[in-house]
Structure formats: structure tokens, C-alpha cells
Number of protein chains: 2
Amino acid sequence: MTAMHNPPHPGEVLREWLDGITVTDAAARLGVTRVALSRVLNGAAGISPDMDLRLSKALNTTPGSWYAMQSNYDMWQAQRRFRAKVQPITPAATAG
Amino acid sequence: MTAMHNPPHPGEVLREWLDGITVTDAAARLGVTRVALSRVLNGAAGISPDMDLRLSKALNTTPGSWYAMQSNYDMWQAQRRFRAKVQPITPAATAG
DNA sequence: ATCATGTGTATAGCGTAACGTTACACGCTA
DNA sequence: TAGCGTGTAACGTTACGCTATACACATGAT
């Protein structure tokens with residue numbers, strides 16, 4: 001339950017990996033638009049499954065790791081917004 | 001790298017958790033439409049972050065676990081579709 | 001000062017996807 | 001037959017990732 005502590009958006013982390021290369025160049029290597037990568041780096045867009053695979057290939061990271069980071073971030077954000085009331089679904093509740 | 005082996009869509013897994021309760025009743029407890037839950041159970045829709053939180057509350061599971069399952073499934077599907085060519089981004093490539 | 005380059009960002013358009021609403025069809029059972 | 005549970009199609013809404021285009025700003029070289 002003490003899973004994550006305010007994770008940064010993956011774009012921040014990605015920025016460190018792209019330290020010595022320009023956004024324009026990195027985008028070209030990834031096969032995406034400069035705008036698309038810029039939006040990720042600045043948190044205006046998340047990392048899609050497709051983008052994850054491009055990153056894992058270009059940066060030689062484990063496939064799914066970037067998207068997993070994104071998922072954690074998305075869940076974190078969703079928790080803050082979540083207000084819905086939910087009724088329990090348990091064997092007890094089912095039996096009753 | 002030998003991470004996952006053809007994961008089932010989370011709806012399949014979820015179905016087992018809702019064994020003794022009707023779809024209509026479960027949907028009502030979750031606070032979503034019967035149609036929405038049915039789509040998830042039949043693989044016509046994925047588990048969104050919002051749906052994950054509803055499930056984790058109702059079923060008393062760890063928040064994020066259902067969405068993580070969905071993410072794995074999505075990555076798996078993305079890998080099969082992925083065909084894009086990507087240029088490496090490494091210190092060597094950066095320096096060159 | 002002028003120009004090229006890198007960058008951030010706004011806009012519009014496209015495709016995908018989750019969700020609610022409504023409605024129809026099928027199967028089962030009282 | 002009537003009622004319930006279920007699957008699903010159609011439609012509109014909303015959100016989001018991506019491309020293409022364009023504008024503005026900063027920096028460095030000519």
C-alpha cells in the first residue's frame with residue numbers, strides 16, 4: 001500500500017537519458033515528430049505503448065519500463081481525482 | 001526480458017472475481033453502467049485508471065494492480081504491431 | 001545586424017478509445 | 001407470457017496521442 005510516492009512524470013526522467021542529444025535529433029532517431037517528443041518531455045503528453053517501444057529500442061531499456069512508469073504516474077493522478085463512491089463486492093456482499 | 005507470456009485480457013481475470021454476482025449488480029456497486037462492465041469483461045474495452053480504482057475499492061485489491069495488468073496486456077499487443085525502425089540513442093551515437 | 005539552429009507552444013485535423021444512453025435480441029425461468 | 005440477466009450495436013461526448021504547420025524566442029556564427 002506504501003507503493004509510490006508522488007512519481008515524477010516520465011518526461012522528466014526521459015530528459016536525463018537524452019542529456020547529450022538535441023530534442024530534434026532524438027525525435028528523428030525515434031521516428032517521431034519533434035513536437036511529439038517535446039510534448040512528452042514537458043509533460044503535455046504521456047508515454048504511449050508505441051513510444052515506449054521506440055524508447056526501449058533506442059535507449060536499450062527493457063520494453064514496458066517506460067510505459068510502466070507512465071502507468072504509475074497515471075494511477076497516481078487518477079487517485080487524486082477519484083471521488084466516486086463504490087459498494088463492496090465480496091463473498092459476503094454477494095451472499096447477502 | 002522473458003517477462004510475460006501472452007497475458008489474457010484483464011476482463012477474463014476479472015470475470016473470476018465476479019463469480020457469484022451478476023454483471024448488472026456488480027456494475028451498480030462499481031457505479032458504472034452495465035454496458036461498460038460488460039465491455040470490459042468481454043474484452044471490448046480495457047481497464048481504465050478510474051475503473052481500476054473502482055475495482056480495487058470494491059474487491060479490496062491493491063490500487064493499480066488491475067491497471068498494471070491492463071498495461072502489460074497493452075504492451076503485449078503493441079509489440080505485435082510494432083514495425084517502426086528506430087535509430088539508437090547512445091553516448092556513442094551522441095558523441096558521433 | 002542577419003541568418004541558421006534548437007526549442008516551446010498554439011492550432012487544426014485525424015484516429016483511437018472509454019463511457020453513458022438507448023434500444024434490440026437472445027436465453028432462461030417463474 | 002412476463003421478467004430478468006446478458007451481449008451488443010449505434011450514437012454522441014470527451015479525452016488524448018500524433019502529424020503538420022506556424023509563430024515566437026533564444027543563442028551562436030557570419
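In this text the structure is predicted, and so the values were computed from the model without any measurement. Chain letters run A, B, ... following the sequence lines, proteins first and then strands; every chain starts at 1.
Once rounded to the nearest 0.5 Å, the distance linking OH of Tyr67(A) with CG of Asn72(B) reads 10.0 Å. The structure places OG of Ser71(B) at 13.0 Å from CE of Met69(A), a figure rounded to the nearest 0.5 Å. Atom OG1 of Thr22(A) and atom CZ of Arg34(A) lie 10.0 Å apart (nearest 0.5 Å). Note that OG1 of Thr90(A) and CZ of Arg29(B) are 7.5 Å apart. Values are rounded to the nearest 0.5 Å.
Each end of the helix from dA1(C)-dT30(D) to dA30(C)-dT1(D) yields a helix axis from five base pairs, and these two axes differ in direction by 0° (to the nearest 10 degrees).
Side-chain contact check for Ser56(B) and Trp66(B): no donor-acceptor pair (N or O, by modelled atom type) lies under 3.5 Å.
On the nucleic acid side, DNA chain D has its first and last nucleotide under 4.0 Å of a heavy atom of chain B at dG5(D) to dA10(D), going 5' to 3'.
Sorted by first then second residue, the salt bridge (Lys or Arg N to Asp or Glu O under 4.0 Å) pairs that include residues 49-68 of chain A, not counting sequence neighbours, are Asp50(A)-Arg54(A).
By the side-chain contact (heavy atoms from CB on, under 4.5 Å) test, Gln77(B) pairs with Tyr73(B), Arg80(B), Arg81(B), sequence neighbours left out.
Cluster annotation: Trp17(B) is connected to Val32(B) through the hydrophobic network of ILVMFWY side chains, with a link wherever side-chain heavy atoms come within less than 4.5 Å.
Separating the CD atom of Gln70(B) from the C1' atom of dT16(C) is a distance of 14 Å, rounded to the nearest angstrom. Atom OH in Tyr73(B) sits about 11 Å away from atom P in dA17(C), given to the nearest Å.
Residue-level contact check: Ser48(B) touches the backbone only, with heavy atoms under 4.0 Å from sugar-phosphate atoms and none from bases.
For the pair Leu55(A) and Ile89(B), the minimum side-chain heavy-atom distance is 4.5 Å or more.
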Can you pull every protein N or O that's under 3.5 Å from an N or O on nucleotides 7-9 of chain C?
unit_1: dT7(C); atom_1: OP1; unit_2: Val23(A); atom_2: N; d: 3.2
unit_1: dT7(C); atom_1: OP2; unit_2: Val23(A); atom_2: N; d: 2.7
unit_1: dT7(C); atom_1: OP2; unit_2: Thr24(A); atom_2: N; d: 3.0
unit_1: dT7(C); atom_1: OP2; unit_2: Thr24(A); atom_2: OG1; d: 3.3
unit_1: dG8(C); atom_1: OP1; unit_2: Arg15(A); atom_2: NH2; d: 2.5
unit_1: dG8(C); atom_1: OP2; unit_2: Ser38(A); atom_2: OG; d: 3.4
unit_1: dG8(C); atom_1: N7; unit_2: Arg34(A); atom_2: NH1; d: 3.0
unit_1: dG8(C); atom_1: O6; unit_2: Arg34(A); atom_2: NH2; d: 3.0

Which atom pairs, donor and acceptor, lie under 3.5 Å between side-chain atoms of residues 38-48 of chain B and protein residues at least two apart or in another chain?
unit_1: Ser38(B); atom_1: OG; unit_2: Asn42(B); atom_2: ND2; d: 3.4
unit_1: Asn42(B); atom_1: ND2; unit_2: Ser38(B); atom_2: O; d: 2.7
unit_1: Ser48(B); atom_1: OG; unit_2: Met51(B); atom_2: N; d: 3.1

